[in-house]
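Right, one structure below, let's go through it.
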Amino acid sequence: MKRGQIWTLLRGGSQHRVLVISNDEYNAVEELAVWALVVVRDVPHPNQLAVRLGDGDPLSGAFVRIHSVVQILDRSALRDNHGFVSPATMLAVEDAVREFLELP
């Protein structure tokens, strides 16, 4: 898995779409968890921080929920690779994460 990819995550009998946000060097170490954000189709509540996926992104029109961080310990739970989001979308996600965490 690579940073910026959207995958289907199977967890607890449910399927979720997630955007990988941990960096590629970290993700290359099998013993470490992959960190991701949940992708949803429903429009987020106005108080929730989210980034809409654009026309060139997989699952276009869906939303990356910035407050829904997922730690994936079992990499075999990641199934369908839907592809990479655009660099512009990844930049918007990074900016939103910085805002959420109050980082410069």
Side-chain angles (χ1 to χ4, degrees):
M1 23 313 325
K2 301 271 188 188
R3 178 180 172 85
Q5 287 180 319
I6 294 180
W7 287 82
T8 297
L9 171 65
L10 303 177
R11 181 175 275 176
S14 297
Q15 289 189 56
H16 309 277
R17 304 301 184 276
V18 296
L19 171 66
V20 175
I21 59 170
S22 44
N23 73 54
D24 291 343
E25 185 177 328
Y26 182 88
N27 294 336
V29 180
E30 288 290 324
E31 296 78 27
L32 298 176
V34 173
W35 292 87
L37 298 172
V38 174
V39 176
V40 296
R41 286 270 179 209
D42 51 317
V43 177
H45 184 277
N47 291 337
Q48 293 176 343
L49 198 53
V51 172
R52 186 179 192 124
L53 296 175
D55 290 338
D57 296 324
L59 309 177
S60 148
F63 295 87
V64 178
R65 287 181 11 188
I66 303 304
H67 65 282
S68 296
V69 180
V70 178
Q71 181 185 36
I72 304 163
L73 298 167
D74 179 7
R75 293 167 183 239
S76 69
L78 289 170
R79 297 296 166 90
D80 302 322
N81 176 356
H82 301 278
F84 286 93
V85 297
S86 70
T89 297
M90 201 62 207
L91 251 166
V93 169
E94 291 168 0
D95 289 345
V97 168
R98 272 194 286 287
E99 179 182 339
F100 178 65
L101 298 175
E102 294 186 348
L103 299 174

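Reckoned from all heavy atoms, side chains included, excluding hydrogens, waters and symmetry mates.
Here side-chain hydrogen bond (donor to acceptor under 3.5 Å, both in side chains) pairs that include residues 85-104, with residues two or more places apart or in two chains, are Arg3-Glu94, Asp57-Ser86, Asp57-Thr89, Ser86-Thr89, Asp95-Arg98.
Every residue two or more places apart in sequence or in another chain that forms a side chain to side chain donor-acceptor pair (under 3.5 Å) with Ser68 is listed here: Arg65. Applying the side chain to side chain contact (heavy atoms under 4.5 Å, CB included) rule to Gln15 yields the partners Thr8, Leu10, Arg17; only residues at least two apart in sequence or on another chain are considered. Partners of Gln48 according to the side chain to side chain donor-acceptor pair (under 3.5 Å) rule, which considers only residues two or more places apart in sequence or in another chain, do not exist here. Residues meeting the side chain to side chain donor-acceptor pair (under 3.5 Å) test with Ser76, sequence neighbours left out: Asp74. In this structure, the side chain to side chain contact (heavy atoms under 4.5 Å, CB included) partners of Arg75, at least two apart in sequence or on a different chain, are Met1, Glu30, Val34. Applying the side chain to side chain contact (heavy atoms under 4.5 Å, CB included) criterion to Phe84, with sequence neighbours excluded, gives Lys2, Gln5.
Residue Leu78 comes nearest to Trp7 through the heavy atom pair CD2-CB, 3.7 Å, listed as atom of the first residue, atom of the second, then distance. Nearest heavy-atom pair, Gly54 versus Ser60, reported as atom, atom and distance to 0.1 Å: O-CB, 3.2 Å. Ala33 approaches Gln71 most closely through the heavy-atom pair CB-CG, 3.4 Å.
Hydrophobic cluster membership of Ile6, counting Ile, Leu, Val, Met, Phe, Trp and Tyr whose side-chain heavy atoms lie under 4.5 Å apart directly or via other members: Leu19, Ile21, Tyr26, Val29, Leu32, Trp35, Leu37, Val39, Leu49, Val51, Leu53, Leu59, Val64, Ile66, Val69, Val85, Met90, Val93, Val97, Phe100, Leu101, Leu103.
More than 12 heavy atoms of other residues, nucleotides or ligands shown are found within 6.0 angstrom of CG on Asp42.
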